[in-house]
Amino acid sequence: MTNVISHSVTKGATGRGDGGEAAPLPQRNSQAGRRKSRREARVAPWAFISPSLVLFAVFAFAPIIAAVVLSFQNVQVFGGGTWVGLQNYQQMLTAPLFWTSVWNTIVFTVGTVPTSTALGLLLAVMLNRKLPGRGIIRSLYFLPMVVSGVAVSLVMVWMFNSDDGIVDAFLQTIGLPRIDWLSSPHWAMVTIILAVVWGRIGFCMVTYLAALQGINPSLLEAAQIDGAGNWRRFASITWPLLNPTTYLLIVLNIVFSLQAFDVIYVMTGGGPGFSTTVLIQYIFRSAFTDGKMGYASAVGIFLVVALLVLTWLRSRLSRKSEDFA
Amino acid sequence: MSSPFSSSGDNALTRRQVFRYAAAAAGTVALGSTLAACSTGAASSQATVGPNTKADLVLTTWNIAADIVTYKKFAADYKKKYPGVNIKVQVTPNGDFNQYLSTQLAGGNAPDIIRNTWQQIGRWAANGGFIALDDYLPKDYGKDFGSTFWSAAQLDGKVHGVPQHTDTFGTYYRTDVMDQIGAKPPASLDDAWTWDELVSLAREVKKATGKSAVAYGFEGVNTAYRWLPILYMHGGKLMEDDGKTPAINTTEGVEAIAWFQKLYSDGLIPKSNTIKGSTTAAVENTFTSGEVGLMMWGDWIMGDIGKALPQDKWNITYMPKDQSAASDLGGNLLSVSKDSKYPAVAADFIQFVCNQQNMQYFCENDLFLPVRTQLMNTQLNFKSNKEQMAVFSKQASTVPAAMAKVETLPDFAAINQVLADQLDLCFIGQQTPKATAKNIADGIKNASS
């Protein structure tokens with residue numbers, strides 16, 4: 001990257017951008033030009049990345065650092081805070097509801113990430129073929145992604161209503177028993193997972209579809225000529241080549257799942273009981289209901305660290321599997 | 001409590017705001033608000049309001065269409081009186097109102113005038129979000145307001161909001177269902193159904209609807225406190241008069257919880273009507289669709305019910321009673337935020353909105369109940385549903401003063417969360433009433449500490 005930029009900047013410095021030979025310059029001017037080029041080569045990358053760097057610093061890094069500082073304080077919504085050291089973290093680790101939230105977050109993540117990724121892949125493979133109305137079908141699957149999460153959740157509340165929801169009515173029609181989708185602590189999490197997976201499949205599908213279309217067809221044709229069947233071609237060629245996309249989707253889906261808030265907030269409010277209270281919900285109630293901003297920040301930092309560890313682990317696993325391949 | 005306006009504290013406050021707000025919102029809005037706070041600086045007060053006063057103020061309200069129209073009318077009327085004063089009505093989404101307000105106050109750019117509830121005012125008054133209005137109000141200003149409401153507007157003897165209206169719960173009933181089972185709803189408070197009568201009736205209603213019997217006006221976690229009238233009807237109480245000691249873990253408390261839990265376990269309340277899982281539209285639908293024949297809820301949803309059901313299909317009667325009658329404390333106050341640059345103008349406008357004439361206009365047009373004593377004793381000419389509003393007016397007199405006092409405590413937001421957690425667990429059958437009462441008491445101790 002640096003070489004490319006350096007080369008182009010150097011060319012620019014000669015006043016020629018046509019790719020032709022630069023005219024010989026006097027020695028002194030040449031040294032000054034090289035210094036200038038080197039300086040520009042050092043500056044240029046920063047100039048390019050500085051807008052996003054500034055945005056990240058202001059809107060991501062600064063809040064994270066601020067949250068770290070806050071997590072060591074006892075602080076209300078506003079007014080002065082007092083330094084309490086690790087007290088918030090100690091309190092967090094001994095709070096039963098914190099561990100309930102951690103467990104619910106794990107269940108929710110395990111329930112949503114592999115399911116939405118796998119179903120997205122399945123749909124992408126199906127829709128990567130020539131089908132009538134393929135464009136429309138793709139759009140339909142992607143549609144939930146562009147609809148407001150709150151709107152989707154409100155519709156889901158109606159559909160999964162335990163008293164007169166359309167899902168239970170359908171189950172009864174085909175002779176199955178009714179299910180207390182949202183009012184049973186055992187089924188509420190399942191319902192939330194279904195709603196989230198439905199909304200996320202389209203995103204996974206489109207991402208996989210783009211990756212599938214980037215695979216060189218000659219590889220698959222060569223394998224076919226060598227006698228490889230559909231499954232063999234998928235397992236030995238397509239799937240390994242999709243590995244970077246799978247890695248990306250798993251990481252993104254984990255992030256989405258750990259940050260999921262709107263669907264749960266609207267559909268169950270974390271209930272019944274605590275059955276759908278996940279970490280983000282717990283942070284929200286600690287901050288805005290209990291007014292404990294310092295404590296909420298401590299839980300937030302825990303979530304960030306958990307996310308980093310998960311991403312690192314996934315990265316390591318991905319690298320190992322690539323090495324093995 | 002240090003003054004939020006002291007200049008010495010401004011720098012420290014701003015720096016802290018950056019940290020605090022960033023942790024809370026962690027994003028764009030956070031920084032924007034904080035920068036806005038930095039740029040606006042401390043509020044400056046204006047001693048008097050006169051014809052030459054110039055001020056731009058913002059009043060924030062939740063989203064009720066009729067109320068927005070009325071507030072805009074009041075702003076326009078006030079501008080006629082003081083041409084230099086512009087008051088913009090800002091609408092904040094209903095469910096997120098408290099979160100918006102938290103972040104706006106934390107960022108130092110909260111609106112000047114804030115419509116808020118009895119259940120939230122204590123919190124904002126205690127942490128300095130709302131300013132004390134005593135210096136801006138005439139002496140004995142509160143004598144014209146109902147004593148329960150005026151007391152609830154004060155913290156440590158300082159007035160932090162002017163009561164604008166109240167509303168309360170009644171029992172909605174479907175006339176077709178009542179006719180079907182041959183029941184005659186009570187015509188007076190004295191004749192209100194007892195708990196036993198209500199349960200017997202509910203069993204008949206359930207047979208008639210084939211589904212369930214009675215819905216309750218829960219609309220999510222923030223509305224858990226609406227169960228409290230049941231506790232007070234049974235002679236129980238949430239807290240002692242000191243406002244610190246829990247008092248629910250008693251025989252009366254456990255019995256009140258058990259009675260309500262049984263309504264769920266017997267299928268008399270719809271399964272979906274849990275505290276945390278209920279949404280406004282879904283609960284209303286149980287009534288309008290005929291899934292239930294009874295519904296205990298407030299006067300403010302009459303408009304929704306009236307749109308979905310012809311008037312001859314439903315009516316209102318009183319809340320049931322046990323050892324005493326009781327009902328929900330609804331309504332709002334208007335307060336001035338710590339961030340207002342013109343607290344005197346804001347306070348003056350609040351008095352204008354809450355004067356007798358405008359309070360009457362607001363209540364009659366938007367179907368609320370007044371909190372000025374003279375209006376409370378007057379037959380108001382409500383724009384619609386006059387008969388039903390008369391029932392609610394009488395029911396409003398049964399709001400227990402002790403309950404009102406508890407609901408306006410500074411820690412009530414956290415206490416309400418405890419109620420939501422523990423009652424929800426109990427009503428879905430995951431916890432016994434006895435354990436629920438104990439857990440609520442323990443939760444209140446933690447919240448208060």
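A note on names: the letters A, B, ... follow the listed sequences, proteins ahead of strands, and every chain is numbered from 1. Since we're looking at a predicted model, the values are computed, not measured.
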task: Measure Thr286(B) against the heavy atoms of chain A and call it side chain, backbone, both or neither at under 4.5 Å.
output: neither
- request: Let me know if Phe160(A) has heavy atoms under 4.5 Å from chain B in its side chain, its backbone, both or neither.
  value: neither
query: Taking everything shown except Phe261(A) itself, do over 12 heavy atoms lie less than 6.0 Å from its CZ?
result: yes
field: Interface moiety of Thr289(A) toward chain B, non-hydrogen atoms closer than 4.5 Å
entry: both
message: If you count heavy-atom pairs within less than 4.5 Å of chain B, which of Leu97(A), Asp180(A), Leu182(A) leads?
response: Asp180(A)
- request: Could you grab the distance from atom CZ of Phe427(B) to atom OG of Ser183(A), nearest 0.5 Å is fine?
  value: 15.0 Å
- prompt: Is there side-chain contact between Phe288(A) and Thr103(B), with heavy atoms separated by less than 4.5 Å?
  reply: yes
message: As an exercise, state the distance from OG of Ser275(A) to CG of Leu425(B), rounded to the nearest 0.5 Å.
response: 8.5 Å
- request: May I ask you to decide whether Lys271(B) forms a salt bridge with Asp163(A), counting only side-chain N to carboxylate O separations under 4.0 Å?
  value: no
field: Contact origin within Val68(A) toward chain B - heavy atom pairs under 4.5 Å
entry: neither
message: For a quick test of reading the model, state the closest non-hydrogen atom pair linking Val266(A) to Thr279(B) and the distance between them.
response: O-CG2, 4.2 Å
- prompt: Given that the side chain runs from C-beta out, which part of Glu291(B) has a heavy atom under 4.5 Å from chain A: side chain, backbone, both or neither?
  reply: side chain
message: Counting only heavy atoms from other residues, nucleotides and ligands, does the tally under 6.0 Å from CD1 of Ile166(A) exceed 12?
response: no
field: Atom group of Ala281(B) that falls short of 4.5 Å from chain A, counting heavy atoms
entry: both
task: With rounding to the nearest 0.5 Å, note down the distance linking CZ in Arg285(A) to CG in Asp421(B).
output: 4.0 Å
query: With side chains defined as the heavy atoms from C-beta onward, is the minimum distance between Pro272(A) and Asp424(B) less than 4.5 Å?
result: yes
message: Is it true that, when you exclude Trp103(A) itself, more than 12 heavy atoms of the residues, nucleotides or ligands shown sit nearer than 6.0 Å to its CH2?
response: no
message: With chain B as the partner, which of Pro185(A), Gly294(A), Gly270(A), Ala296(A) has the greatest number of non-hydrogen pairs under 4.5 Å?
response: Pro185(A)
message: Looking only at heavy atoms and a cut-off of under 4.5 Å, which of Ala282(B), Gly220(B), Ser212(B) has the most pairs with chain A?
response: Ala282(B)
query: Going by heavy atoms in the side chains, are Lys276(B) and Phe274(A) under 4.5 Å from each other?
result: yes
field: Side chain to side chain, Val221(B) and Gln281(A), heavy atoms closer than 4.5 Å
entry: no
- request: Identify the heavy atoms of Ile428(B) and Gly273(A) that sit nearest to each other, and give their distance.
  value: CD1-N, 3.7 Å
